[in-house]
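Atoms considered below: every heavy atom in the structure, side chains included; atoms not considered: hydrogens, waters and symmetry mates. Lettering follows sequence order; numbering is per chain, from 1.
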Amino acid sequence: MRFVKKPSPANVKARHPLPEGEGRLLERYFFERPVLKVARDLLGKYLVRRYRGKVTAYMITEVEAYDGPKDKACHASRGRTERNKVMFGEAGHFYVYFVYGMHWMLNIVTGKPGYPAAVLIRGVEGVNGPARVCKKLHINKKLNGKLAAHKSGLWFEDGGIKIPAEKIKRTPRIGVAYAKEWAMKPYRFVFD
DNA sequence: ACGATGATGAAC
DNA sequence: TTCATCATCGTA
């Protein structure tokens, strides 16, 4: 956790477009790129939550890329459905869904509109596991389809930290063994 | 190693 | 309407 503070409305307005945290808001164009690049670049960035008036930022430490209709581990590989439709829309929007009868998963949509891809946020500083991230940040269905921006109460910031390539490990994704040859692709990104 | 726990999507 | 599945986690 980088900081915890109460934003005063005056302060937020005065500092726009660098409100809330001290980092720079990641705008939509950051996410309008190939999902593997976005995934890699999200490491070291901050996921920032405003909840009940308090703002907290967490450095992102672990992500996974889900890459379009041909990726058998990606929900979009079974076509567009009510659940996954957000992935087919504009980059920079959250795709949040419920699994195993008890856990929420947070994804951010990437790439060009119409191409269904997203990055799963698997871990942040001090919080390992995608379900724990959502529990800690109070993330649920209400954020599904929302733009990652201040008004949503959940967004990303660049805190000026660049994780060097040699610190980043790529591994197969977790929990997608059913995806056959796609299960072994090194689409998970982590750093120490 | 396994059970919890319920929404989702596809089959029937 | 029923049923298998599921991008997980806590307990053992």
Side-chain angles (χ1 to χ4, degrees), chain A residues 1 26 30-31 33-47 49 51 58-112 114-148 152 154-156 163 168-191:
Chain A
M1 192 184 301
L26 294 185
F30 176 91
F31 301 99
R33 299 181 294 143
V35 67
L36 289 170
K37 288 194 166 63
V38 176
R40 185 257 175 263
D41 290 348
L42 275 176
L43 293 181
K45 300 295 192 295
Y46 289 86
L47 179 60
R49 179 66 163 137
Y51 184 75
Y58 303 82
M59 184 185 286
I60 297 168
T61 56
E62 179 182 353
V63 296
E64 281 176 359
Y66 288 84
D67 191 13
K70 62 188 186 304
D71 175 1
K72 291 195 179 72
C74 182
H75 288 168
S77 67
R78 269 95 60 187
R80 182 182 171 130
T81 68
E82 185 57 30
R83 179 178 64 168
N84 69 23
K85 64 183 180 186
V86 177
M87 261 203 288
F88 289 79
E90 252 184 358
H93 292 253
F94 295 113
Y95 169 39
V96 181
Y97 67 93
F98 193 64
V99 274
Y100 299 118
M102 57 186 88
H103 301 307
W104 295 98
M105 299 284 115
L106 174 68
N107 298 256
I108 183 74
V109 176
T110 69
K112 295 178 184 175
Y115 185 81
V119 175
L120 170 68
I121 307 301
R122 283 197 63 86
V124 298
E125 195 178 5
V127 187
N128 302 314
R132 288 172 176 168
V133 168
C134 288
K135 185 174 182 187
K136 180 89 175 178
L137 302 201
H138 306 278
I139 290 163
N140 58 36
K141 193 80 185 170
K142 284 187 276 192
L143 281 158
N144 188 42
K146 293 285 200 311
L147 181 66
S152 306
L154 185 66
W155 64 93
F156 297 91
I163 307 298
I168 297 177
K169 288 184 208 150
R170 294 184 60 172
T171 80
R173 293 169 291 186
I174 307 297
V176 297
Y178 62 86
K180 301 180 178 177
E181 73 272 18
W182 285 86
M184 36 204 316
K185 293 194 180 285
Y187 283 7
R188 173 171 172 256
F189 299 78
V190 210
F191 73 99

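When rounded to the nearest whole Å, the span between CZ of A:R78 and P of B:dA11 equals 12 Å. The OH-C1' distance, from A:Y178 to B:dT8, rounds to 13 Å in whole Å. Between the C1' atom of B:dT8 and the OH atom of A:Y95 lies a distance of 10 Å, rounded to the nearest Å. Separating the CG atom of A:N107 from the C1' atom of C:dT8 is a distance of 14 Å, rounded to the nearest angstrom. Regarding A:I121, its CD1 atom lies at a distance of 16 Å from the C1' atom of C:dT8, rounded to whole Å. Between the CE atom of A:M87 and the C1' atom of B:dT8 there is a distance of 13 Å, rounded to whole Å. Atom OH of A:Y97 and atom P of C:dT5 are 17 Å apart (whole Å). Straight-line distance from the NZ atom of A:K180 to the C1' atom of C:dA7: 18 Å, rounded to whole Å.
A distance cut-off of 5.5 Å between ring centres, combined with a plane angle under 30°, leaves A:Y100 outside any stacking arrangement with the base of B:dA4.
At C:dA7, none of the side-chain N or O atoms of A:R188 fall inside 4.0 Å of OP1 or OP2 (strictly under the cut-off). Contact annotation: A:H75 side-chain N/O to C:dA7 OP1/OP2 distance is under 4.0 Å.
One finds the NZ atom of A:K169 at 14.5 Å from the CZ atom of A:F189 (value rounded to the nearest 0.5 Å).
Contacts of A:A73 with the nucleic acid, taken as non-hydrogen atoms under 4.0 Å apart, include base atoms. Residue A:F98 is in sugar-phosphate contact alone, with no base atom involved, counting any heavy-atom pair closer than 4.0 Å across all strands shown. Residue contacts shown for A:K72 are absent, as no nucleic acid heavy atom lies under 4.0 Å away. Within 4.0 Å of A:M105, counting heavy atoms only, lie sugar-phosphate atoms of the nucleic acid but no base atom. Among the atoms of the strands shown, none is found under 4.0 Å from any heavy atom of A:R173.
For A:R132, taking side-chain heavy atoms from C-beta onward, the closest of the listed nucleotides C:dC9, C:dC6, B:dG9 is C:dC9. Among C:dC6, C:dT8, B:dG9, the nucleotide with an atom closest to any side-chain atom of A:E82 is B:dG9. Nearest to the side-chain atoms of A:R83 among the listed nucleotides B:dG9, C:dA7, C:dT8 stands B:dG9.
Between A:H75 and A:Y95, the two ring planes are perpendicular [angle over 60°; tilted spans 30° to 60°].
Between A:K45 and the choices A:F30, A:Y58, A:F156, the side chain to side chain contact (heavy atoms under 4.5 Å, CB included) rule is met once, by A:F30.
Residues A:F94 and A:I139 have side chains not in contact (no heavy-atom distance under 4.5 Å, counting atoms from C-beta outward).
Remark on DNA chain B: of its neighbouring residues A:M102 and A:K141, the 5'-side contact belongs to A:M102, judged by nearest-heavy-atom nucleotide.
With both pairing distances under 3.5 Å, C:dA4 is matched to B:dT8 as a Watson-Crick or G-U wobble pair.
Shown here for A:N84 and A:G79, the closest heavy-atom pair between the two residues is ND2-O, 2.8 Å.
Salt-bridge formation is detected for the pair A:R33/A:D41: a Lys NZ or Arg NE/NH1/NH2 atom is positioned less than 4.0 Å from an Asp or Glu carboxylate oxygen.
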